[in-house]
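We number each residue from 1, following the sequence as shown. Heavy atoms only: backbone and side chains are in, while hydrogens, waters and symmetry mates are out.
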Amino acid sequence: MEERYLTVSALTKYIKYKFDHDHNLEEVLLEGEISNFKHNSRGHFYFTLKDDGASISVTMFSSFAKTVKFEPKDGMKVFVKGNVTVYEPSGTYQINIKEMKSDGIGDLYLAFQKLKEELEKEGLFAVEHKKKLPLFPKCIGVITSPTGAAIRDIIHTISRRYPMTHVILYPAIVQGEDAKTDVVRQIEIANQQALCDVLIVGRGGGSIEDLWAFNERCVADAIYQSTIPIISAVGHEIDFTIADFVADMRAATPTAAAELATPSIEMLKGNVNYYITIMTKYIRQRFENEKLLLANLDRRIDAGNPLTTLKHHRNYLEEYCKQLQMIIQKVLLEKKSSYRFLEGKLNALNPLSLMNKGYSINTVNDEIITDVSSVHIDDIMITKLKNGELKSKVIEVKQNGK
């Protein structure tokens, strides 16, 4: 016989069919404690109903949620009525409720309210004890889990908004029995080291049980005694813990805490540019005003002052002398140039200049010899050189090689 395999969807539909047609599950009355309560934007309620031994997912659609006379909160004990069914996408069973009644406040919520009242009477929430956050922190300490989403969100936000600050992680357990001791120890270490200008203490969202470490008396005392300003960033926007009330500043989320702890570098740049523009405009206006005032004073002082006329003529004379001197210089340059030109031509025509090159002038009877036919044997010939003359007697005359 051939084996037949079902799809997961088919099996889930079959199980859901069984749930939906089981008369015992059509109307179930349950009591338990609310955990992980969510009230979404469409008005639906989603939470977990639990007791000491088990838990079940609960959905209450907005049409029924409107009939609830109180605001459900984590830790509350309630009575609910609804039908048990299967949520097909995840294959899990849940109860869709139509009615919900309060059974008072759960143990954790009662403990929260009791400690809150005690600390408020002791003054731990007083505004006058809140320390101011630094405007430009050089170092920010973060006390949270090193592996959670909170530290990633905080570092990313700080790097984006104010990258010149330094971040120190003080790793702490933030959930469970040991969480309160670990958080207190890291707050004390950060204060002993005194390296940070502000501390962010917190974690991401969770149930009231998950966040309970931040509702402990020892954590509240450590935050209050810290000399470093502390921002509490526990859970999501709707979550409140004792740490939020004691801290110097409460942030709705870890990302919001990073934004509270740092200025925006883009905003700072804009402010600086704005003030530079304002200051430049003011300085220019002040300069123009002072210059105008000075000009007015000069005109008032100069009016009727004989020295002004003298100064005016002196300036005119100095300017005239400058122009005359320039003309004289120009004429001198032209004359020097003309002189050098004539001197060059004269030197070129001067026979003495040729003697410097080895040439000589020969004369007979004080007549310059220009033709060999004018010279005879036994004539006395005078040869003039650049540095003297020679006297010689002609002993032979050759003409055209003869």
Side-chain angles (χ1 to χ4, degrees), residues 131-140 157-167 196-198 229 258-361 363 366 368 370 383-389:
K131 294 176 284 296
K132 291 184 178 181
L133 302 182
L135 292 177
F136 306 105
K138 296 180 181 178
C139 182
I140 297 174
T157 302
I158 291 175
S159 299
R160 172 176 54 83
R161 285 176 57 85
Y162 196 62
M164 59 279 298
T165 194
H166 181 58
V167 177
C196 303
D197 301 310
V198 63
E259 292 176 346
L260 288 173
T262 56
S264 170
I265 191 168
E266 295 302 323
M267 184 180 297
L268 291 177
K269 289 180 180 178
N271 290 341
V272 169
N273 291 333
Y274 170 75
Y275 287 120
I276 288 176
T277 302
I278 295 298
M279 289 177 64
T280 303
K281 183 178 179 181
Y282 171 79
I283 291 172
R284 287 178 178 172
Q285 186 63 46
R286 181 67 182 272
F287 177 76
E288 292 298 327
N289 292 341
E290 294 297 331
K291 187 168 68 172
L292 182 62
L293 178 61
L294 182 60
N296 290 334
L297 289 174
D298 284 343
R299 283 195 296 268
R300 289 167 61 184
I301 292 173
D302 290 341
N305 189 345
L307 294 177
T308 303
T309 303
L310 181 61
K311 182 180 179 181
H312 174 73
H313 288 294
R314 180 182 296 165
N315 292 337
Y316 175 78
L317 182 60
E318 289 177 353
E319 184 63 27
Y320 182 78
C321 289
K322 289 180 181 178
Q323 293 179 4
L324 183 59
Q325 188 176 10
M326 291 175 61
I327 293 172
I328 293 172
Q329 292 292 334
K330 182 178 180 182
V331 172
L332 286 175
L333 288 174
E334 291 176 353
K335 295 299 182 182
K336 286 181 180 180
S337 177
S338 177
Y339 172 78
R340 291 193 183 98
F341 174 73
L342 293 174
E343 184 182 33
K345 290 182 67 176
L346 183 60
N347 288 334
L349 297 173
N350 188 357
L352 296 177
S353 298
L354 296 174
M355 292 181 180
N356 290 331
K357 300 179 181 179
Y359 293 95
S360 63
I361 299 176
T363 63
D366 296 328
I368 295 175
T370 60
T383 302
K384 292 183 178 180
L385 302 171
K386 70 174 182 178
N387 57 351
E389 61 183 27

Checking T277, I276, I283 against T280 for side-chain contact (heavy atoms from CB on, under 4.5 Å), the one that qualifies is I276

Nearest heavy-atom contact between I265 and P163 is CD1-CD, 4.1 Å

Verify the distance criterion only: is there a donor paired with an acceptor across the side chains of N315 and E319 at less than 3.5 Å? no

Are R160 and E266 close enough that some pair of their side-chain heavy atoms sits under 4.5 Å apart? no

When you look at CD1 of I368, are more than 12 heavy atoms from neighbouring residues, nucleotides or ligands closer to it than 6.0 Å? no

Tell me the closest heavy-atom pair linking P229 and K132, and the distance in Å. CG-O, 3.5 Å

Does E318 form a salt bridge (charged side-chain N to carboxylate O under 4.0 Å, His left out) with R314? I'd like the steps, not just the answer. CA-CA 6 Å; E318 289 177 353; R314 180 182 296 165; 5.2 Å; no

Any donor-acceptor N/O pair, S337 side chain to L333 backbone, under 3.5 Å: no

Looking only at atom types and distance, does a side-chain atom of T262 sit under 3.5 Å from a main-chain N or O of I158, one as donor and one as acceptor? no

Heavy-atom donor-acceptor pair, S338 side chain to E334 backbone, under 3.5 Å: no

Should we say atom CE of M326 is surrounded by more than 12 heavy atoms from elsewhere, each under 6.0 Å from it? no

Whether T165 side chain and K138 backbone form a donor-acceptor pair below 3.5 Å: yes

Side-chain contact, heavy-atom cut-off 4.5 Å: L293 with N289? no

Do you know the tightest heavy-atom contact between P263 and F136? CG-CD2, 3.9 Å

Separation between CG (L135) and CG (D197), nearest 0.5 Å, reads 11.0 Å

